[in-house]
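Predicted model only: the values in this text are computed from it and were never measured. Values below: all heavy atoms of this structure, side chains included; hydrogens, waters and symmetry mates excluded. Residue numbers start from 1 in every chain, and the chains themselves are labelled A, B, ... in the order their sequence lines are given, proteins ahead of strands.
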Amino acid sequence: MPELQSPRGMHDLLPEDEPLWRRVRDACERVARGYGYGFVETPIVEDERVFLRSVGAESDLAQKEMYLFEDRGGGRLALRPEATAAVCRAYLEHGMASRPQPVRLAYFGPMFRYDRPQAGRYRQLWQFGVECIGDASPAADAEVIEMQQALYRELGLSGLTLRINSIGTAESRRRYEQALRAHLEPHAATLSEDSRRRLATNVLRVLDSKDDAGNPAVQSAPSITDALGPGDRAHFAEVRRLLEALDIDHEIDPRIVRGLDYYAHTVWEFEPPGGGGQSTVGAGGRYDGLIELLGGPPTPGTGFATGIERIIRTLREQGIEEPCAPAPDVVMVAIGEAGAAWAMRVAAALRRAGFVVRGATPARSLRAQLRTAGHLDARYAVIAGEREAATAVVQLKPLSATGEERTLDIEGVIDALGGAIGSQPPAQSAGARAAEPSDA
RNA sequence: GUGGGUGUCGCCUAGCGGUUAAGGCGCCAGGUUGUGGCCCUGGAGACCGGGGGUUCGAAUCCCCUCACCCACCCCA
C-alpha cells in the first residue's frame with residue numbers, strides 16, 4: 001500500500017479506461033445536441049445554500065452526504081452533490097428567463113457525495129444530465145424521458161427498466177404525507193428502527209424500506225396515487241399517453257418517491273437487468289418548485305441525471321468494451337545525436353501529414369527502441385540514424401505485416417504511409433464489442 | 001454511521017512459526033559491429049498495509065489500527 005493514495009471513493013481514470021469513457025461522453029454530447037441542448041459548466045463548488053435550500057435540509061444528501069467547508073474568507077461552500085440546483089442557480093443568475101423558453105441546458109461533470117463507497121458508489125462520481133427549464137407541460141417530461149432512453153439505446157445498453165410515478169405537487173404530497181403518517185403511526189411498533197425514525201422526518205421513505213417491505217402496515221398503506229389532485233392526475237396521464245405514443249415501455253411504480261425535496265409530479269428511474277443495490281443507472285423528475293426555493297419566480301423544470309460510472313459498469317456487465325486505444329502509426333527510432341535531431345524533424349513532418357507518431361528515445365539502443373515499437377503494436381518504425389540524417393532520408397520498416405524495409409525521403413514516407421494507413425483520423429471502432437469484459 | 005471479507009514487488013500468485021521471502025506477467029539490459037516480435041541470460045523492483053505483543057525465532061499466532069472491497073442506510 002503506497003503511503004499516498006487517491007482519496008477514498010475517488011479513482012484515477014487510466015489511459016486504458018479512457019476509450020470507453022470517451023465513447024460514453026461522446027454519446028451524451030451527441031444526444032444533447034440532437035435535442036437542441038446547450039452545455040453549461042458550473043463551478044464544482046457552490047454556496048452551500050444552493051443545495052441546502054433546494055435539495056431539502058432533511059434529505060440524506062444534505063444531512064450526511066455533502067462536502068461542506070469554509071474558505072479562507074469565511075464563506076460556506078459545498079462541493080456540488082448534484083447539478084440541478086447549480087444549473088438553476090445559473091439560470092437565475094444569468095437571467096435566462098428572458099431567453100426563449102424553455103431553456104434547455106446539459107452538463108457533464110463530477111459530483112461529490114460523502115458516503116461509504118461500494119460497488120457502483122463513489123465519493124466523486126460523474127454525471128451527465130439535462131435540464132429543461134420553463135416548460136410545465138407533460139410533453140417536456142416525456143421528451144426528457146425519451147431523450148434519456150435514446151442515450152441508453154445509442155450506447156447499446158439493453159434490458160433497462162423504466163419505472164415512473166407521480167408524486168403530485170408539493171401540496172398534494174403534503175396531504176399524502178399526513179395520510180400516510182396517520183396510517184402508519186398506529187403500527188409504529190411493528191416497524192424497523194429506521195422506519196420509525198423516518199415516520200417523523202420523511203414518511204415517504206418508509207415505503208422504500210427493504211426491512212419493512214413485507215410489513216402488513218406498509219403493504220396496506222395508501223398509495224400516493226390516491227392522494228393526487230385532478231390536475232396532478234391529468235398531468236401524469238398525459239405523460240403516460242405520450243410515452244405510449246412514443247413506444248417507450250414503462251412500469252408505474254407508486255413507490256418511487258425520490259430522495260430530494262424539490263421533485264414534483266413526474267419522477268422516474270432506469271434500472272439495469274440485474275437490479276438491486278446501487279444499480280440505478282439514471283433517474284429524473286420534474287422540479288417545479290426549485291427555482292422559487294432559490295429565490296426566483298415560479299418556474300417549472302424537468303430533467304434527468306445519469307451516472308457515468310454506472311453506465312460504464314452496466315456496459316461492461318453486458319460485455320461491451322471499447323477496444324484499447326489505437327496503436328501509433330509510427331514509432332520513431334533514432335541513433336546518435338544527428339539521428340535524434342533528424343528524427344524529431346521527420347516526426348513533426350509526419351504529424352503534420354496527419355499520422356500518429358511516437359517520438360524516439362535516442363538514449364536507448366536500436367534494439368531496445370525496436371523492441372518497444374513492436375510491443376506497442378505500431379504499424380511502422382521509422383529509423384533515423386547518423387547515415388540517414390546525412391542524406392535526409394529514413395528507413396521505413398513495417399512492423400506488423402510483411403514488407404520490405406525501404407529507404408525513403410520524407411515525402412516518400414508520407415506517400416507510403418498514406419497508401420497503407422491513410423492520413424485520415426484514426427479508424428473508428430464504432431460500437432465494437434469485445435467478448436472479454438475487463439472490469440474487476 | 002453499522003456489519004462482513006481481504007491486505008506479500010506495478011499486476012497475478014506461492015509461502016501458513018526457522019527460506020538470502022519464491023514464481024509468472026510486465027519493465028530494463030544483454031545474446032559482438034545500426035534492426036523488433038519467438039527464444040536464452042541477467043537486472044531492477046516487497047521495510048510481507050502500519051503499530052504493539054507472544055516466542056530463542058513471525059509474512060506466518062494474538063491484539064489494535066489503517067486501507068481497500070462487499071453489504072446495510074441512501075442514492076447516480
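The pair A/Arg286-A/Asp288 counts as a salt bridge, with a side-chain nitrogen and a carboxylate oxygen less than 4.0 angstrom apart.
A gap of 46 Å separates the P atoms of B/A46 and B/C75, to the nearest Å. If you take atom P in B/U8 and the same atom in B/C47, they sit 11 Å apart, rounded to whole Å. Look at the P atom in both B/C64 and B/A21: the space between them is 29 Å, to the nearest Å. Distance check on atom P: B/U60 versus B/G52 gives 13 Å, rounded to whole Å. Comparing the C1' positions of B/C68 and B/C56 gives an interatomic distance of 36 Å, to the nearest angstrom. When the P atom is used for both B/C9 and B/G4, the distance is 26 Å, rounded to whole Å. Using atom C1' as the reference point in both B/G45 and B/U32, the two lie 29 Å apart (nearest Å). The gap from the C1' atom of B/C61 to that of B/C16 amounts to 10 Å, rounded to the nearest Å.
Residue contacts shown for A/Glu405 include a base, since a base heavy atom lies under 4.0 Å away. Within 4.0 Å of A/Ile383, counting heavy atoms only, lies at least one base atom of the nucleic acid. Contacts of A/Gly336 with the nucleic acid, taken as non-hydrogen atoms under 4.0 Å apart, are absent. When heavy atoms are screened at a 4.0 angstrom cut-off, A/Glu388 is found touching base atoms of the nucleic acid. The residue A/Val281 sits close only to the backbone: its heavy atoms come under 4.0 Å of sugar-phosphate atoms, none of a base. Across all strands shown, A/Ala119 has heavy atoms under 4.0 Å from sugar-phosphate atoms exclusively, and none from any base.
B/G1 is paired with B/C72 under the criterion used here, namely a Watson-Crick or G-U wobble arrangement in which both key atom distances are under 3.5 Å. Across all strands shown, B/U41 is found opposite B/A29 as a Watson-Crick or G-U wobble partner, with both distances under 3.5 Å. The partner of B/U6 is B/A67, judged by Watson-Crick or G-U wobble contacts that both fall below 3.5 Å. Judged by Watson-Crick or G-U wobble contacts below 3.5 Å, the nucleotide B/A22 has B/U13 as its partner.
Scanning atom types as modelled, one donor and one acceptor separated by under 3.5 angstrom connect the side chain of A/Arg367 and the base of B/G31. At a cut-off of 3.5 angstrom, counting only N and O atoms as typed in the model, there is no donor on one side facing an acceptor on the other between the side-chain of A/Arg121 and the base of B/C69. Between the side chain of A/Arg113 and the base of B/A76, a donor-acceptor pair under 3.5 Å is found. Residue side chain A/Arg387 reaches the base of B/G34 through a donor-acceptor N/O pair under 3.5 Å, judged by distance alone.
Per the geometry, CD belonging to A/Glu16 stands 12 Å off P belonging to B/C11, to the nearest Å. Rounded to whole angstrom, the span from the CD atom of A/Gln127 across to the C1' atom of B/C75 amounts to 10 Å. Rounded to whole Å, the distance from CZ on A/Arg116 to P on B/C72 is 13 Å. We find that CD of A/Glu337 is positioned 16 Å from P of B/G34, with the value rounded to whole Å. Put simply, CG on A/Leu125 is 14 Å from P on B/C75, counting in whole angstrom units. A/Glu82 has its CD atom 8 Å from the P atom of B/A76, to the nearest Å. Atom CZ of A/Phe51 is separated from atom C1' of B/C75 by 16 Å (rounded to the nearest Å). One atom, CG of A/Leu399, and another, P of B/C38, lie 13 Å apart when rounded to the nearest Å.
Checking A/Gln127 against A/Glu82 by side-chain atom types alone, no donor-acceptor pair falls below 3.5 Å. No hydrogens or angles considered: nothing links the side chains of A/Thr161 and A/Glu251 as a donor-acceptor pair under 3.5 Å. Side-chain contact annotation: A/Asp141 with A/Thr302, donor-acceptor N/O pair under 3.5 Å present.
Shown here for A/Pro222 and A/His183, the closest heavy-atom pair between the two residues is CD-CG, 3.7 Å. In terms of heavy atoms, A/Gln124 sits closest to A/Glu309 at O-OE2, 3.7 Å. Closest non-hydrogen pair, A/Arg406 versus A/Ala416, comes out as NH2-CB, 3.5 Å. Of all heavy-atom pairs spanning A/Tyr263 and A/Gly285, the tightest one is CE2-CA, 3.5 Å.
Judged by closest nucleotide on RNA chain B, A/Lys64 is the one of A/Lys64 and A/Glu269 placed further toward the 5' end. Toward the 5' end of RNA chain B, the nearer of the two residues A/Arg8 and A/Arg123, judged by each one's closest nucleotide, is A/Arg8.
Ring pair A/Phe108/A/Phe128 is tilted by interplanar angle, where 30° to 60° counts as tilted.
Across B/C73, B/G30, B/A76, the shortest atom-to-atom separation from the side chain of A/Tyr122 is found for B/A76. Comparing atom distances between the A/Gln118 side chain and each of B/A76, B/C73, B/G34 picks out B/C73 as nearest.
Side-chain N/O atoms of A/Ser279 include none lying less than 4.0 angstrom from OP1 or OP2 on B/A76. Distances shown here put every side-chain N or O of A/Gln5 at or beyond 4.0 Å from the OP1 or OP2 atom of B/A67.
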Review item, nucleotides 25-28 of chain B N/O atoms under 3.5 Å of protein N/O:
from	atom 1	to	atom 2	distance (Å)
B/C28	OP1	A/Arg364	NH2	3.1

Pick out the pairs of N or O atoms, protein on one side and nucleotides 43-48 of chain B on the other, that lie under 3.5 Å.
none

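Taking 4.5 Å as the limit, every side-chain heavy atom of A/Ile308 sits out of range of all side-chain heavy atoms of A/Leu125. Within the 4.5 Å cutoff, side-chain heavy atoms of A/Tyr287 are placed close to those of A/Ile133.
A/Arg123 forms a cation-pi arrangement with A/Tyr114, by the criterion of a distance under 6.0 Å to the ring centre and an angle within 45° of the ring axis.
Residue pairs satisfying the side chain to side chain donor-acceptor pair (under 3.5 Å) criterion with at least one member in residues 25-52 of chain A, sequence neighbours excluded, are listed as follows: A/Arg30-A/Glu154, A/Tyr35-A/Glu146, A/Thr42-A/Arg80, A/Glu46-A/Arg89, A/Asp47-A/Arg49, A/Glu48-A/Arg76.
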